[in-house]
Amino acid sequence: MQPLIDNARTFGQRPEEFAKLAEGQSPQVLFITCSDSRVVPALITGARPGELFELRTAGNIVPPYASEHPTSEAATIEYAVEVLGVSDIVVCGHSHCGAVGALVRGDDLDAVPAVRDWLAHATPRPTGAVEDPEVAEGVQAHVLTQLLRLRSYPFIEKKLKERQLSLHAWYYEVHKGAVRAHSAETDSFEAL
């Protein structure tokens, strides 16, 4: 913890670098990814403050849209699309994902009921090689499922029809630092 505190103490000693941020934000991309500490969107993309609007959830799950009982995730997505006017949404899964790995293996999550209930939103349950520590097949299928889920949000469906929004599926390889993007033409994840 101490290195983090030390950095936080010196971080604000360059106010001129941050003054413009007080004027507002205008990110072009909503980046939805896992809460995993090894996945750092700004590091992966090279984005500076104000360039990415981030949504981090366990397993990069996009919950079903429900106007009656909205989730914080749905509110974040709606704000990014309707207020900030992002033109792109990236859903980025990653290798060695504990959440997707637990689903692929069918782990008993009764000891962590909040995690168990959150991961229940990952339907259909991703499949893949149980012995694969990267859970590549499961994560990639899961990311595509989350894109389909996004398409069910009414405001996203509208923006897609108006060609004002694009959706992207990415797979980050934690052990290589490499990113693969889904190609609709080949229906596979290819190096960027």
Side-chain angles (χ1 to χ4, degrees), residues 1 3-4 7-8 10-12 14 17-18 20-63 71-103 115 118-119 121-122 126 134-136 138-151 153 155-156 159-160 164-183 189-192:
M1 184 70 188
L4 300 175
N7 188 66
T10 61
F11 192 73
R14 305 178 312 270
E17 293 179 37
F18 300 97
K20 188 173 181 193
L21 295 175
E23 297 170 15
Q25 62 176 326
S26 57
Q28 298 302 303
V29 178
L30 168 60
F31 200 93
I32 301 172
T33 195
C34 188
S35 303
D36 191 298
S37 63
R38 300 168 293 179
V39 181
V40 183
L43 183 64
I44 294 167
T45 63
R48 303 284 302 150
E51 293 180 345
L52 281 181
F53 199 67
E54 296 180 24
L55 173 58
R56 310 229 7 198
T57 71
N60 52 269
I61 292 174
V62 174
T71 63
S72 66
E73 295 81 14
T76 299
I77 295 165
E78 182 179 62
Y79 186 81
V81 172
E82 298 288 41
V83 176
L84 296 175
V86 298
S87 57
D88 294 274
I89 298 176
V90 173
V91 176
C92 182
H94 68 94
S95 67
H96 305 87
C97 181
V100 174
L103 291 167
V115 173
W118 173 252
L119 294 182
H121 289 298
E134 293 177 35
V135 286
V139 170
Q140 291 172 8
H142 176 67
V143 166
L144 294 175
T145 298
Q146 302 321 297
L147 280 190
L148 288 174
R149 177 82 48 77
L150 279 172
R151 290 177 177 277
Y153 282 48
F155 53 91
I156 289 182
K159 295 284 185 184
L160 288 170
Q164 295 179 351
L165 185 66
S166 297
L167 303 179
H168 311 272
W170 285 12
Y171 173 68
Y172 173 61
E173 296 174 292
V174 169
H175 56 295
K176 296 179 181 177
V179 177
R180 298 182 167 277
H182 183 261
S183 166
F189 282 78
E190 301 173 357
L192 284 178

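The first residue of the sequence shown is numbered 1, and numbering continues consecutively from there. Since the structure is predicted, the reported quantities are computational estimates derived from the model, not experimental observations.
The closest donor-acceptor contact from the side chain of R149 to the backbone of V62 lies under 3.5 Å.
Atom CD1 in I77 sits 5.0 Å away from atom CG in L150 (nearest 0.5 Å). Here L84 contributes atom CG and S26 contributes atom OG; the two are 8.5 Å apart, rounded to the nearest 0.5 Å. Here OG1 of T71 is found 7.5 Å from NE2 of H121. Values are rounded to the nearest 0.5 Å. Interatomic distance, T57 OG1 to Q146 CD, rounded to the nearest 0.5 Å: 7.5 Å. Rounding to the nearest 0.5 Å gives a distance of 8.0 Å between CG of L119 and NE2 of H142. Taken to the nearest 0.5 Å, the CG atom of D88 stands 15.0 Å off from the CZ atom of F53.
Residues A191 and R180 come closest through the heavy atom pair N-NH1, 3.5 Å. Residue G59 comes nearest to C34 through the heavy atom pair N-SG, 3.4 Å, listed as atom of the first residue, atom of the second, then distance. Minimum interatomic distance between P41 and R56 (heavy atoms only, all atoms of both residues): CD-NH1, 3.3 Å. Summarising the geometry of S35 relative to A58, their closest heavy-atom pair is OG-N, 3.3 Å, with the distance given to 0.1 Å. Summarising the geometry of A122 relative to I61, their closest heavy-atom pair is CB-CD1, 3.9 Å, with the distance given to 0.1 Å. Across all their heavy atoms, V100 and P126 have their closest contact at CG1-CG, 4.0 Å.
None of I44, V90, T45 except one satisfies the side chain to side chain contact (heavy atoms under 4.5 Å, CB included) rule with L52; the exception is T45.
Within the 4.5 Å cutoff, no side-chain heavy atoms of Y171 are placed close to those of V143. Two residues are said to be in side-chain contact when any heavy atoms from C-beta on lie closer than 4.5 Å; W170 and T33 fail this criterion. Inter-residue side-chain proximity for V81 and Y153 is flagged as unmet; no heavy-atom pair is nearer than 4.5 Å. Looking at heavy atoms from C-beta onward, L167 lies out of side-chain contact with V91 at the 4.5 angstrom threshold. Under the 4.5 Å side-chain criterion, counting only non-hydrogen atoms from C-beta, L144 is in contact with F189. Annotation: side chain of V29 is not in contact with side chain of V86 (no heavy-atom distance under 4.5 Å).
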Worksheet item: Under the side chain to side chain contact (heavy atoms under 4.5 Å, CB included) criterion, do D36 and Y172 qualify, and how do the steps go?
Response: CA-CA 12 Å; D36 191 298; Y172 173 61; over 6 Å; no
